[in-house]
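Counting starts at 1 for both ligands and their atoms, following the listed order. Counting begins at 1 with the first residue of the sequence. All values below were derived from every heavy atom in this structure, side-chain atoms included, with hydrogens, water molecules and symmetry-related copies excluded.
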Amino acid sequence: MSATPGAPVTLAITGASGAPYAVRLLAALNAAAVPLRLIVSAYGLRLLAEETGIEGIDGLRAATGDWSAVELYQPGDRGGTPASGSAPSRGMVICPCSMGTLAAIAAGTSRSLIERAADVALKERRPLILVPRETPLSPIHLENMLRVTRAGATVMPASPGFYHRPSSIDDLVDFIVARIMDHLGVPFASNRWKSGEVE
Ligand SMILES: Cc1cc2nc3c(=O)[nH]c(=O)nc-3n(C[C@H](O)[C@H](O)[C@H](O)COP(=O)(O)O)c2cc1C
C-alpha cells in the first residue's frame, strides 16, 4: 500500500538536538489540521525540556495549538496503529532524528514503535522523512543515511541556509520546517518568511 492522501501523518520526535524544529513542525501541522499520529521517545522528551523548556506531553500540547487531530502513541507500544502496514497513512516524519534511531531504521530492528513505524513506511513505499542532527558525521552515520535513502527515505539534515539572511532563531527553524512541509505537500503559512523562497 502506498501513501494515502488525507490519511494521518506519523510524526516522531527523538532525542537529537533540534527540539525547536519539532515544536514548530507540530504546531504548523496542527494549524493545517493534518491528522497526526504522534510518538515522542524518552530522549525526545528530555531534549524538549532541555532545549525549549517544554515539560512532558502536557507541556508539548499546551505549546503546539489544537490537538483535536492528534492521536498520541507510546514509544514502547509496538502494537500501536503506526506499527501496522494496513493502516492508511500519508507517510512519516522523524524530527529531529537521532543517530541512534537512524541506525535502528537502517538495520531494520523495529524495537520501538518509532523504529517499527519507520520500517513500515519503507516497506509500504510511503514517504519517510528523517531530520538528523549531528556533527561531525562518522562513516557509520553516513553509511546509515545512504542505506535508508536507498530504501526510499528522504534524509533532510537540520542544516538551515543563511542566504535569506535570517534575523532570528525562528527564521532558521522555519527554514527547515518549510522544507519538511513542502515534502509532505502541506501548505506552510509562515509569518516569518515565505516557503517559496526556500531552496
Ligand atoms: C542533551 C543531549 C543532546 C543530544 N544531542 C544529540 C544530537 O544532536 N544528535 C544525536 O544523534 N543524538 C543526540 N543525543 C543522544 C541521543 O539522545 C541518544 O542517542 C538517545 O539514546 C536517542 O534515543 P532516541 O532515538 O530513542 O530518542 C543527545 C543527548 C542529549 C542528552
Please list, in number order, the atoms of ligand 1 under 4.0 Å from a heavy atom of Thr101. 24 (P), 25 (O), 26 (O)
Protein contact for atom 19 (O) of ligand 1 (heavy atom, distance under 4.0 Å): no
For Gly15, is at least one N or O under 3.5 Å away from an N or O on ligand 1? yes
Would you check whether Glu50 has a nitrogen or oxygen atom less than 3.5 angstrom from a nitrogen or oxygen atom of ligand 1? no
At a 4.0 Å threshold, what atoms of ligand 1 neighbour a non-hydrogen atom of Arg46? 31 (C)
Is the shortest N/O to N/O distance between Gly100 and ligand 1 below 3.5 Å? no
What's the shortest distance from atom 27 (O) of ligand 1 to any protein heavy atom, and which residue and atom give it? Ser41 OG, 2.6 Å
Taking every heavy atom of Glu51 against every heavy atom of Ala19, the minimum-distance pair comes out as OE1-N, 2.9 Å
Show, in sequence, the C-alpha distance, side-chain angles and deciding distance for Tyr163 and Phe175, and conclude whether the ring pair (Phe, Tyr, Trp, His ring centres under 6.0 Å) test is met. CA-CA 11 Å; Tyr163 46 79; Phe175 185 103; 5.8 Å; yes
Residue Leu47 vicinity, atoms of ligand 1 by number, heavy atom under 4.0 Å: 2 (C), 3 (C), 30 (C)
Regarding Asp170 and Ser168, is there a side-chain donor-to-acceptor distance under 3.5 Å anywhere? no
Find the distance between CG (Leu130) and CD1 (Ile180) and round it off to the nearest 0.5 Å. 10.5 Å
What atoms of ligand 1 come closer than 4.0 angstrom to any heavy atom of Glu134? 7 (C), 9 (N), 10 (C), 11 (O)
With atoms numbered from 1 as shown, which atoms in ligand 1 lie under 4.0 angstrom from a non-hydrogen atom of Ser17? 5 (N), 6 (C), 7 (C), 8 (O)
Donor-acceptor pair between Thr81 and Tyr73 side chains, under 3.5 angstrom: yes
Please say whether Tyr43 places an N or O atom under 3.5 Å from an N or O atom belonging to ligand 1. no
Atom pair CD1/CG of Ile39 and Leu72 - distance to nearest 0.5 Å: 9.0 Å
Separation between CD1 (Ile57) and CG (Leu45), nearest 0.5 Å, reads 5.0 Å
In terms of heavy-atom contacts, Ala153 and Leu122 come closest through N-CD2, 3.7 Å
So the atoms of ligand 1 within less than 4.0 Å of a heavy atom of Met99 turn out to be 10 (C), 11 (O)
Answer yes if the side chains of Thr101 and Glu115 hold a donor-acceptor pair under 3.5 Å, and no otherwise. no
Does only the side chain of Ala16 get under 4.0 Å from ligand 1, or the backbone, or both, or neither? Count heavy atoms. both
What protein heavy atom lies closest to atom 22 (C) of ligand 1? Include the residue and the distance to one decimal. Ser98 OG, 3.6 Å
Considering distance alone, does some N or O of Arg133 sit under 3.5 Å from an N or O of ligand 1? yes
First locate atom CD1 of Ile105, then atom CZ of Arg147, and finally report the distance between them rounded to the nearest 0.5 Å. 12.5 Å
